[in-house]
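So the structure is just underneath, and the comments pick up after that.
This chain uses plain numbering: 1 for the first residue, then up along the sequence. Indexing begins at 1, ligand by ligand and atom by atom, following the structure's order.
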Amino acid sequence: MTEITKADLALLAFAREAQEKAYAPYSDFRVGAAIFAGGEIYQGCNVENAAYGSTICAERGAAMAAVLAGNTFFDAIAVVGDSQDPTVPCGCCRQFLAEFNPEMRVVMGGAEDAVRASSLEDLLPDAFVRGFLDQDSGAK
Ligand SMILES: [Zn+2]
């Protein structure tokens with residue numbers, strides 16, 4: 001079990017703030033995320049859509065804000081959802097985040113006080129990352 005730090009809780013507070021902005025009229029499952037990158041905080045919330053598949057997660061929303069600001073190396077992300085247990089990033093978001101540091105710290109919170117911390121590497125072992133593209137054999 002990874003110990004929870006004051007920095008983890010501070011980042012989680014930004015995620016909780018973002019969660020209040022979630023647009024989740026279909027699932028009513030509100031999620032907020034906050035990324036710490038380049039000394040700055042970038043927030044995101046889930047945004048659902050009547051075409052369910054067009055929904056985007058809070059984590060990817062925060063990642064897009066960070067990239068837009070010019071930060072492509074993420075130190076940590078906090079995610080919080082309405083679940084009783086700490087909400088974990090979905091598989092799609094784990095892969096999306098691995099692009100910006102496969103070893104980033106991941107702090108997770110839920111509706112209750114329980115908080116969990118891990119690394120993206122532990123949540124998504126053996127991620128597909130840029131290095132594989134560099135191994136292009138040229139055989140086409
Ligand atoms: Zn997701």
Do D75 and N101 come within less than 4.5 Å of each other through their side chains, counting heavy atoms only?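 No, too far: nothing below the 4.5 Å cut-off.
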List the atom pairs, donor and acceptor, that lie under 3.5 Å between side-chain atoms in residues 125-134 and the rest of the protein, sequence neighbours left out.
none

Donor-acceptor pair, distance only, cut-off 3.5 Å: does the side chain of E59 make one with the backbone of C93?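 No; zero donor-acceptor contacts below 3.5 Å.
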Measuring from L11:CG to R105:CZ, what's the distance to the nearest 0.5 Å?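 One gets 10.0 Å once the value is rounded to the nearest 0.5 Å.
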Separation between CD1 of I41 and CZ of F36, rounded to the nearest 0.5 Å: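 So the gap between those two atoms works out to 6.0 Å.
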Heavy-atom pair of closest approach, residues V106 and L120: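 It is CG2-N, 3.7 Å.
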For the Zn ion (ligand 1), every protein N/O/S atom that sits closer than 2.8 Å, waters excluded: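 Result, waters dropped: C57 SG, C90 SG, C93 SG.
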